[in-house]
Every structure is written in C-alpha cells, then in structure tokens.
Amino acid sequence: MKRLFGFLILAAFFSMLHAQRVLSLDSCRNMAIANNKSLLIAKERMRKAHYDRKAAFTNFLPDFSATGTYMYFSDEISLLNDGQKSALNHMGTSLQQGLTQAATPIIQHIAQTNPQLAASLQQAIQSGKLDGMSTALNQLGNELTDALRTDTRNMWAGAVTLMQPLYMGGKIRAYHRITKFSEALARTQHDAQLQDLILNTDDAYWTVVSLSYKKKMAESFLDLVNRLDGDVEKMIREGVATKADGLTVKVKVNEAEMLLTKVDNGLALSKMVLCQLCGMDLDTKFTLTDENRSRSAETSSLASAERERFMQSRTDLQVSETVPDDAVQRAWTNRPELKSLDWAHKIYEDKVRVVRSEMLPSLALTGGYLVSNPSLLNGFENKFRGMWNVGIMLSVPIFHWNEGIYKVKAAKSEVNIARLQQTEVQEKIELQVNQSLFKNTEAQKRLALSEKNMEKAEENLRYADKGFKEGVVPVTNVMEAQTAWLSALSDRIDAQIDLKLAQTYLQKAMGTLGPGL
C-alpha cells in the first residue's frame with residue numbers, strides 16, 4: 001500500500017512538471033523553428049535545389065542509353081516481284097524453249113545443204129539431252145529466289161548509344177550555374193522565413209510576459225481595493241467616512257474586477273498564439289522564464305507593510321540599450337532579401353546565356369553498337385549481328401526569323417528588372433533600418449521617462465497612504481494615487497517590452513536575427 005501511495009505521489013509530481021512547463025525565449029524559438037510548416041517547406045525547397053544542382057552537373061558527363069525493339073509484320077519485304085521470281089524459277093525451261101525455237105530455222109537452213117547433219121541435230125534436240133541442263137538451271141533459279149528472300153516478318157533490333165556533348169553554345173555551363181544560384185536563393189529565402197518566424201515568436205513571447213505582469217498587477221490591485229473597501233466600511237460604521245466614499249471604493253472594486261477579466265482573457269489568447277507558433281497544443285500549460293524576473297513579490301497585496309515592498313518591486317528584463325553604428329551597412333550585407341535579389345540577378349544573367357546558346361552551333365561526339373535480326377551484314381540472315389559506330393554530330397541554326405534575337409532581348413529585360421528591384425529593395429531596407437533606429441531611440445526615451453514617472457507615482461502613493469493612515473487624506477485621494485501608480489507601473493512594463501521588441505525589430509532590419517541571438 002505504501003509503494004502504491006508513493007508511486008501515485010511520484011506520478012502526480014511528474015504530471016505537474018509536464019503540465020506546467022517552463023519555457024525560455026530560446027526554447028520557444030527552437031520549438032517554433034522545429035514545428036513551423038512554412039519553414040519545413042523552405043527546407044524541402046533547399047533540398048530540391050541541391051539535387052537539381054547535382055542533376056545539372058550530370059550534363060557534363062557522357063550519356064549512355066540502350067534501346068531494344070521487336071516488331072512483327074504481316075508480310076515480308078520482297079526484293080523481287082512475282083514475275084522476276086517466276087522467271088528465275090523457270091530459267092532452265094525458258095532457256096531450253098528458247099534454244100529449241102532458235103535452232104529450228106538453223107536446222108532447216110542446214111538441211112538444204114547437208115541433210116545428214118540436220119537430221120543429227122534434230123535427233124539430238126529430240127533425244128532430251130537438254131532436259132538435264134534445263135533442270136539444273138531451274139534449280140539454280142530457285143536457289144537465287146530463296147537467297148533473295150528477306151523473311152522480315154519477325155524483326156529484332158537493339159542499340160547501345162553514347163552521347164558526349166563537346167560544345168553546346170555555353171548552355172550546359174550556364175544551366176549548371178543557374179542551379180547553383182537557385183540553391184543559394186532557396187537558402188536565403190529559408191533564412192528570410194526563419195527571421196520572420198523568430199520575430200513573430202518574440203512578439204508573442206513578450207506579449208505573454210507583458211500580460212502576465214499586468215495580471216499580477218491587476219490581482220494585487222483588486223486585493224488592495226477589496227481590503228480598502230473593508231476598511232472604508234469599518235470607517236463608515238465608526239462615522240469617520242461617508243457612504244459616498246464607500247460607493248467610490250466599490251466602483252474601483254468593479255473596475256479592478258473587469259480589468260482582471262480583460263487581462264485574463266488577453267493572456268489566455270496570447271498563450272494560445274504562442275502555443276500555435278511553437279507547435280504545442282493550444283491548452284498546454286506553461287510558464288515563461290521572464291514572467292518571474294522581479295526583485296520582490298509583485299503578487300503580494302498592497303496592504304500595510306506589504307504595500308511598501310510591492311512599491312519597491314522592479315521587473316528585471318535585462319534590456320540592452322546598445323545600438324550598432326554600422327546598422328545600415330550590416331543590413332546591406334546580411335539581409336536575406338538583398339541576397340535573394342542578388343542571386344536572382346545572377347540567374348537572369350545566365351538565362352541570357354542559355355537563350356543565346358540556341359543561336360550558336362552545337363557539337364557532340366556519338367558512338368554506339370547496333371545489332372539486328374535479320375541482319376544485313378552478310379545478306380539477309382536470321383541471325384543477330386551487329387556493328388560499332390563512332391561519329392561527330394554538328395547542328396548549326398541558320399535562320400528562324402530573328403526569334404533568338406527577340407528572346408535574348410527579353411531575357412536582358414529580365415536582368416534589368418532584377419537589378420532595378422535590387423536597388424529599390426536596398427533603398428527600402430535603408431529606410432526600414434533608420435525607422436527601427438528611431439523606434440529604438442524612442443523606446444529608450446520612453447523607458448527613461450516611465451522610470452521617472454514611476455518614482456513620482458511611488459512617492460505620491462507613499463504620502464497618500466501615510467496621510468490616509470493619519471486620517472488627513474480622504475479615500476478618494478488614496479484611490480487616485482493607487483490608480484496613478486498602477487498606470488505608471490503598467491507604462492514602465494510596456495516601455496521595457498517595447499524596447500525589447502524594438503531591439504528585436506532592429507536585429508530583423510539588420511538581418512542578424514536568428515536562434516540564440
């Protein structure tokens with residue numbers, strides 16, 4: 001039972017630790033960076049640009065490819081027509097008939113002069129001795145016909161090809177530089193989104209800190225007016241205060257309750273915004289480290305001796321007032337927007353080279369091995385035979401109605417646009433840096449003025465409290481002093497937060513805002 005009880009206590013303890021997380025500004029920044037979808041998309045674009053650059057480099061290397069095909073034809077290709085095939089197949093018979101027809105008038109002529117010789121020739125022809133020669137010639141004709149048969153109904157072919165670019169008008173080199181610049185452009189765009197995210201996170205962080213302090217002030221002020229309301233009620237019963245004084249205090253009690261409600265709602269919404277930026281659930285419970293940086297208990301009541309301690313409290317936000325002298329030069333060097341435009345300008349310059357390369361000759365080395373069945377290397381054979389080939393391919397554009405010239409001029413216009421945009425953005429950034437410097441100076445002056453006002457409000461409240469205790473100061477004066485002191489303290493906290501944000505915006509304007517800065 002004791003073990004179970006101890007386990008439950010430990011579980012409750014760790015649950016409380018998990019439920020109430022303590023977050024610093026750096027941890028909020030890191031969580032926002034790790035969970036922001038836009039930033040993750042920018043990282044994927046960087047990765048894509050990296051692989052695009054690697055793919056572009058492969059254009060410098062030889063290109064090997066292999067192809068193969070099989071085709072079936074319903075009829076085969078014939079080198080001889082039907083008449084030629086028939087003539088070759090009956091070549092012996094035709095020759096025999098021709099000889100017989102040609103020999104008949106000759107024999108008749110010989111018979112007039114030498115009847116005996118004519119009879120011998122006639123007998124030789126009729127004896128069939130020419131039949132053997134006719135058959136041999138017919139067989140030779142059939143062999144020729146078969147030899148000239150292509151048998152191309154089933155055709156196989158394959159090839160291995162090599163292509164090595166030698167000169168492409170500078171297109172490959174320019175495209176490779178474009179992909180390198182695109183990778184750098186993706187990196188600077190990621191940096192710009194990173195700085196915007198950090199700025200939004202800082203804004204939400206300090207808003208929560210400001211409202212947290214104001215909530216403590218509102219709670220303490222409500223506790224004060226409640227105690228004062230009780231004191232005035234006692235004084236009314238003793239006859240040393242009027243009902244009007246009591247109503248005045250009750251009005252302040254209602255105002256304090258409404259103020260606390262507004263601050264609670266604003267703090268809850270601000271924490272939800274910070275949770276959304278950091279990738280946490282909207283109902284996550286957490287405490288910021290800068291919420292508790294005070295040298296005394298601001299959450300104490302403002303009654304009697306504790307009021308004096310509360311008046312001595314200070315919010316210790318460690319605000320730095322140093323401003324660099326070379327802010328504009330730093331912005332021109334570090335701002336990712338200017339870097340992005342510079343990379344874009346270089347990309348457009350190489351695009352001009354790519355477009356111009358279309359008007360220049362291109363030269364490539366080719367080589368390969370071709371195999372086919374049927375093959376033609378030894379007549380028509382149903383065998384796989386192949387051969388090597390090496391060559392040079394040259395392509396020279398001649399005339400296409402000045403299309404290339406127009407494209408080059410259009411690409412040069414894009415270069416001019418990028419250069420003008422770069423100059424315009426540089427001027428705007430200089431203006432933005434100067435505005436941030438002015439805001440930083442104004443925030444410093446406001447903080448110094450709020451310190452003086454705070455001292456005066458504390459002094460007035462001290463005298464009002466002392467006079468109220470001695471019975472020489474009415475309750476309305478005490479309430480006015482309390483209200484003035486509360487307003488001065490709120491202004492002081494706002495001035496500290498504004499100076500913090502002004503410095504953050506100045507870092508953003510200079511392009512030096514990043515994790516851990």
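For the single chain, residues carry numbers from 1 onward in sequence order.
The list of salt bridge (charged side-chain N to carboxylate O under 4.0 Å, His left out) pairs with a residue in residues 257-269, not counting sequence neighbours, reads Lys215-Asp264. Listed by first and then second residue, the salt bridge (charged side-chain N to carboxylate O under 4.0 Å, His left out) pairs involving residues 409-426 are Glu424-Lys428 (not counting sequence neighbours). A salt bridge (charged side-chain N to carboxylate O under 4.0 Å, His left out) check over residues 164-179, counting only residues at least two apart or in different chains, returns the pairs Arg177-Asp350. The salt bridge (charged side-chain N to carboxylate O under 4.0 Å, His left out) pairs that include a residue from residues 53-64 are Arg53-Glu183, where partners are two or more places apart or lie in different chains. Applying the ring pair (Phe, Tyr, Trp, His ring centres under 6.0 Å) test to pairs two or more places apart or on separate chains, those with a residue in residues 401-443 are Phe399-Trp401.
By the ring pair (Phe, Tyr, Trp, His ring centres under 6.0 Å) test, Phe57 pairs with Phe60, His176, sequence neighbours left out. For Phe181, the ring pair (Phe, Tyr, Trp, His ring centres under 6.0 Å) partners at least two apart in sequence or on another chain are Trp343. In this structure, Asp281 has no salt bridge (Lys or Arg N to Asp or Glu O under 4.0 Å) partners at least two apart in sequence or on a different chain. By the side-chain contact (heavy atoms from CB on, under 4.5 Å) test, Met31 is found to be paired with Arg21, Leu23, Asn35, Cys278, Met280, residues two or more places apart in sequence or in another chain being considered. For Lys48, the salt bridge (Lys or Arg N to Asp or Glu O under 4.0 Å) test picks out Asp52, with sequence neighbours left out. Applying the salt bridge (Lys or Arg N to Asp or Glu O under 4.0 Å) test to Glu255 and every residue at least two apart in sequence or in another chain returns Lys252. His345 pairs by the ring pair (Phe, Tyr, Trp, His ring centres under 6.0 Å) definition with nothing, not counting sequence neighbours.
With Lys508 as the fixed residue, the side-chain contact (heavy atoms from CB on, under 4.5 Å) test singles out one of Ile198, Asp202, Asp196: Asp196.
By the 4.0 Å N-to-carboxylate-O rule, Lys250 lies close enough to Glu233 to be salt-bridged with it.
The line from CD1 of Ile497 to OH of Tyr205 is 9.0 Å long, rounded to the nearest 0.5 Å.
Residues His400 and Glu403 bring a donor and an acceptor atom of their side chains to less than 3.5 Å of each other.
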One pair to check against side chain to side chain contact (heavy atoms under 4.5 Å, CB included): Ile493 and Met217. What are the steps and the verdict? CA-CA 11 Å; Ile493 294 174; Met217 292 164 46; 3.4 Å; yes

